[in-house]
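One structure below.
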Amino acid sequence: MPELPEVETVVQGLRARLEGRRILGVSLHQPLIVRGDVALLRRALPKSRIERLERRGKFIIVHLEKPTSLRARHCLIVHLGMTGQLFCCRPSLPYEKHTHVTIELETGEQLRLRDPRRFGRLEVIPAARLEAYFAHLGAEPFEISLAEFAARLARRKAPIKSLLLNQDLVRGLGNIYSDEALFAARIHPALPAGRLDVRALRRLHRAMQRVLRAAIAAEGTSFSDYVTADGRLGRFQYRLRVYGREGEPCRRCRRPIRRLVLTGRSSHYCPHCQPRVRRIVTGRH
DNA sequence: AGCTCTTCCTGAAAGC
DNA sequence: TGCTTTCAGGAAGAGC
């Protein structure tokens, strides 16, 4: 599942092959992957030059220079959903199933978007609408201060795990890195966020940044479909402490990792290393 | 406003 | 063995 480290790895890998290059054309094999104005996408991409790539949370933003055929600058926005792959390849590479979009580049290469589960999206918007488009998104995990992080979680009653997944607070964490950050900070995923004390908040703020940096250094976690921009696998799956390890021994205390469901998402944790500091009323049982 | 549930989609895994 | 059912999850939108 592409989360911040996977998206960052893809963006870094694509920069050298895309920035400064011109787009020749675009083919939509599965138009349903496109959100918003499909006609605009078909108009804006051909003949545009790619100025630069940017990541915001789990979104990829391709900034396009203004082609002579259009009045304004535009941006291509890509979200990889949970099985999306965005990669450069030679045109001779056979089309894999679920390849939805092909973008032809002046270099002779192709930029392809493949996404078996189709939770991803592709959209072109005028550059002037970019900030409004992302207005709801929370802060970057590497930019948010501890004070701001604490303020956003204060008095919230939802489980801390659920709020880490909420992109409006902090952007970029998904199920894997939320679980890993909570383990590293020794915080139980079901704990209401507002009950975290200052020390727990500091541990979580640090753990979140440390886990994400380590995952970026390892080029992400290849758990299901994720590959880098060159089609290689990430390496962080070998360093996961709790995610996907239900029943296996905790790497710290050797007790079995458990799994519980919070707001429809599985949470992996160690009951011993991540104790409930106070009794939680869950409303279940 | 805050929180939870549902929906979209496919393939792998579990169940019978 | 082979078919059917269940499950996984990001984020938008509905509902409470």
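Each chain gets a letter, A, B and so on, in the order its sequence line appears, and its residues count up from 1. The structure displayed is predicted, hence computed values, not measured ones.
Between A/H205 and A/F149, the ring planes are tilted. Angles from 30° to 60° get that label.
A donor-acceptor pair shorter than 3.5 Å can be found between the side chains of A/Y177 and A/E6.
Of the candidate nucleotides C/dG10, B/dT10, C/dA11, C/dG10 has the atom nearest to the side chain of A/E3. When each of C/dG10, B/dC3, C/dA8 is scored by its nearest atom to the side-chain atoms of A/Y243, the top-ranked nucleotide is C/dA8. Distances from the side chain of A/N175 to the nucleotides B/dC3, C/dG10, C/dA12 place C/dG10 closest. The A/R118 side chain lies nearest to B/dT10 when the options are B/dT10, C/dA11, C/dA8. Considering only side-chain atoms of A/T263, the nucleotide from C/dG9, C/dA8, B/dT4 that sits closest is B/dT4. Set against C/dG10, B/dC3, B/dT10, the side chain of A/K157 has B/dC3 as its closest nucleotide. With distances taken from any side-chain atom of A/H136 to the nucleotides C/dA8, B/dG2, C/dA12, the minimum falls on C/dA12.
A cation-pi contact, defined as under 6.0 Å to the ring centre and within 45° of the axis, is absent between A/R114 and A/F87.
For A/E180 (side chain) and A/Y243 (main-chain N/O), a donor-acceptor pair under 3.5 Å exists by modelled atom type.
As a whole-Å value, the separation of A/Y133 OH from C/dA12 P is 8 Å. The distance between atom CD of A/Q85 and atom P of B/dT10, rounded to the nearest whole Å, is 16 Å. One atom, CE of A/M82, and another, P of B/dT7, lie 18 Å apart when rounded to the nearest Å. Between the CG atom of A/L169 and the P atom of C/dG10 there is a distance of 16 Å, rounded to whole Å. Rounded to an integer number of Å, the gap from CG of A/L164 to P of C/dA11 is 13 Å. Rounding to whole angstrom units, CG of residue A/N166 and P of C/dG10 are separated by 13 Å. As a whole-Å value, the separation of A/L163 CG from B/dA1 C1' is 13 Å. Atom CG in A/D115 sits roughly 13 Å away from atom C1' in C/dA11 (whole-Å rounding).
You'll find the side chain of A/R42 reaches within 4.5 Å of the side chain of A/L28, heavy atoms only.
Note on A/K97: a side-chain N or O is less than 4.0 Å away from OP1 or OP2 of B/dG11. The side chain of A/K58 places an N or O atom within less than 4.0 Å of a non-bridging phosphate oxygen (OP1 or OP2) of C/dA11. Between A/S266 and C/dC7 there is no side-chain N or O to OP1 or OP2 distance below 4.0 Å. For B/dC3, neither phosphate oxygen OP1 nor OP2 lies less than 4.0 angstrom from any side-chain nitrogen or oxygen of A/R155. The phosphate of C/dG10 has OP1 or OP2 within less than 4.0 Å of a side-chain N or O from A/R265. Taking only side-chain nitrogens and oxygens, A/H79 comes nearer than 4.0 Å to OP1 or OP2 of C/dA11. Here A/R117 does not reach the OP1 or OP2 of C/dA8: none of its side-chain N or O atoms lies under 4.0 Å away.
In this structure, A/F134 has its ring center closer than 6.0 angstrom to the ring center of A/F59.
You can call A/F119 stacked on the base of C/dG10; the centres are under 5.5 Å apart and the planes sit within 30°.
Toward the 5′ end of DNA chain B lies the nearest nucleotide of A/R156, the other residue of the pair A/R156 and A/H98 mapping further downstream.
Partner of A/E109 under the salt bridge (Lys or Arg N to Asp or Glu O under 4.0 Å) criterion, chosen from A/R17, A/R21, A/R90: A/R17.
Looking at heavy-atom distances under 4.0 Å, A/T83 makes no contact with the nucleic acid at all.
Ion pairing between a basic and an acidic side chain is recognised when a charged N comes within 4.0 Å of a carboxylate O; A/E140 and A/R56 show no such pairing.
One hydrophobic cluster, built from ILVMFWY side chains closer than 4.5 Å, cannot hold both A/Y95 and A/V26; they sit in different ones.
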Table of protein N/O atoms under 3.5 Å from nucleotides 14-16 of chain C N/O atoms:
none

